[in-house]
Amino acid sequence: MAILKTIGETMKIIWIDGTFGSGKTAVANVVAKKMRNSYLLEFDALQMKYKPTSIFDLFGERYPESKKYLIDGLIKEMLKIIQEGSYDYLIIPIALINDDCNERLVNSFANIENYHFILTAANEILYQRIHTQEKRDVDLAETYMSNAIMYLNNHYSDALRIDTSDMNIDNVAEEIVKVIVG
């Protein structure tokens with residue numbers, strides 16, 4: 001991905017990471033509205049655009065970040081936006097909770113200036129949030145929650161962690177914007 005070094009010189013990638021119920025998508029939407037010339041690339045929306053390419057993808061792990069075809073689709077979308085060169089910020093809400101995400105996304109795009117935020121909250125708050133969100137696959141979230149928390153706690157030591165337990169969406173977004181623009 002050497003091409004990214006010259007094409008993405010001015011673009012910054014903003015990873016908004018966290019477990020289920022941490023507020024990634026809601027916060028990313030507010031950050032995108034506050035950041036001029038930004039592009040919000042919602043990983044969850046790619047599930048409608050990209051379809052499984054193998055039996056394993058169809059019947060394997062249930063959470064989207066473990067599906068190779070969705071990660072491939074995200075990379076394809078990211079490269080298209082970066083190569084277009086029209087935006088200063090690429091904002092991606094995603095749970096980077098496995099080694100494939102770490103290697104293929106975070107490490108592969110390390111030549112581009114990026115910010116990695118991990119949204120956290122007390123476990124009881126996360127579980128409360130997933131039970132009150134519309135269109136949330138509660139069983140999926142509960143099944144993978146402890147693995148996601150453990151992975152995020154043991155990886156990404158350079159990420160900025162924000163405890164959202166007692167914060168509203170706007171306050172979390174303000175904190176992220178403040179780090180990025182100074």
Quiz item: Asn114 side chain to Ile112 main-chain N or O, any donor-acceptor pair under 3.5 Å?
Solution: yes
Quiz item: Is it the case that Tyr144 and Glu142 place a side-chain donor and acceptor less than 3.5 Å from each other?
Solution: no
Quiz item: Would you say the side chains of Thr164 and Arg129 form a donor-acceptor pair under 3.5 Å?
Solution: yes
Practice problem: Could you check if a side-chain atom of Ile176 sits within less than 4.5 angstrom of a side-chain atom of Val27, using non-hydrogen atoms only? | Solution: yes
Quiz item: Measuring from His155:NE2 to Ile118:CD1, what's the distance to the nearest 0.5 Å?
Solution: 10.5 Å
Quiz item: Given side chains that start at C-beta, do those of Ile75 and Ser108 come closer than 4.5 Å, heavy atoms only?
Solution: no
Quiz prompt | Other residues, nucleotides, ligands: >12 heavy atoms within 6.0 Å of Tyr39 OH | solution = no
Quiz item: If you take all heavy atoms of Trp15 and Ile94, which pair is closest and at what distance?
Solution: CE3-CG2, 3.9 Å
Quiz prompt | Nearest atoms (heavy-atom pairs only) where Ala148 meets Phe20 | solution = CB-CE1, 4.4 Å
Exercise. Answer with yes or no whether the hydrophobic clustering places Val172 together with Met35; edges join I, L, V, M, F, W, Y residues whose side-chain heavy atoms lie under 4.5 Å apart.
Key: yes
Exercise. Please check if Leu74 and Ile97 belong to a single hydrophobic cluster, counting links between Ile, Leu, Val, Met, Phe, Trp and Tyr side chain heavy atoms closer than 4.5 Å.
Key: yes
Self-check item: Tyr89: ring pair (Phe, Tyr, Trp, His ring centres under 6.0 Å) partners, not counting sequence neighbours
Solution: none
Practice problem: Check the pair Lys12, Leu90 against side-chain contact (heavy atoms from CB on, under 4.5 Å), reporting the backbone distance first and the verdict last. | Solution: CA-CA 6 Å; Lys12 295 167 183 61; Leu90 176 57; over 6 Å; no
Quiz prompt | Ionic contact status for Lys178 with Glu175, cut-off 4.0 Å | solution = no
Self-check item: From CD1 (Ile91) to OH (Tyr115), nearest 0.5 Å
Solution: 12.0 Å
Quiz item: From Tyr87 OH over to Asn37 CG, what is the distance, rounded to the nearest 0.5 angstrom?
Solution: 7.5 Å
Quiz prompt | Min side-chain heavy-atom separation Leu105-Leu96 under 4.5 Å | solution = yes
Quiz item: Any idea which heavy atoms bring Thr25 and Asn29 closest together, and the distance?
Solution: O-ND2, 2.8 Å
Quiz item: In the single-linkage hydrophobic clustering (I, L, V, M, F, W, Y; side-chain heavy atoms under 4.5 Å), do Ile162 and Val30 co-cluster?
Solution: yes
Quiz item: Counting N and O atoms only, with roles assigned by atom type, does the side chain of Asn102 sit under 3.5 Å from a partner on the main chain of Asn98, one being a donor and the other an acceptor?
Solution: no
Quiz item: Roughly how far, to the nearest 0.5 Å, is OG1 of Thr10 from CG of Asp88?
Solution: 6.0 Å
Exercise. Would you kindly confirm whether Met145 and Val138 end up in one hydrophobic cluster when ILVMFWY residues are joined by side chain heavy atoms under 4.5 Å apart?
Key: no
Practice problem: Report yes if the side chains of Leu119 and Asp17 come closer than 4.5 Å at any heavy-atom pair, otherwise no. | Solution: no
Practice problem: Enter the distance from Lys24:NZ to Phe117:CZ here, rounded to the nearest 0.5 Å. | Solution: 15.5 Å
Practice problem: Please list, chain by chain and in numerical order, all residues satisfying side chain to side chain donor-acceptor pair (under 3.5 Å) with Tyr156, sequence neighbours excluded. | Solution: none
Practice problem: Determine, step by step, whether Thr19 and Tyr151 satisfy the side-chain contact (heavy atoms from CB on, under 4.5 Å) criterion, reporting the C-alpha distance in whole Å, the side-chain angles of both residues, the deciding distance to 0.1 Å, and the verdict. | Solution: CA-CA 10 Å; Thr19 67; Tyr151 191 88; over 6 Å; no
Exercise. Of all the heavy-atom pairs spanning Tyr127 and His131, show the shortest one and how long it is.
Key: O-CD2, 2.9 Å
Quiz item: Taking atom CD1 of Ile125 and atom CD1 of Ile130, what is their separation to the nearest 0.5 Å?
Solution: 13.0 Å
Self-check item: Side chains of Asp158 and His116, donor plus acceptor under 3.5 Å
Solution: no
Quiz item: Hey, any chance Leu40 and Leu79 share a hydrophobic cluster, counting ILVMFWY side chains that come within less than 4.5 Å of each other, even indirectly?
Solution: no
Quiz item: Partners of Glu174 by side chain to side chain contact (heavy atoms under 4.5 Å, CB included), sequence neighbours excluded?
Solution: Lys34
Self-check item: Contact summary for Gly18 and Ala95, nearest pair of heavy atoms
Solution: O-CB, 3.3 Å
Practice problem: Taking all non-hydrogen atoms of both residues into account, name the closest pair between Ile71 and Cys101 and its distance. | Solution: CD1-SG, 3.7 Å
Exercise. Scan Thr120, Leu126, Ile149 and name whichever one has a side-chain contact (heavy atoms from CB on, under 4.5 Å) with Ser22.
Key: Leu126
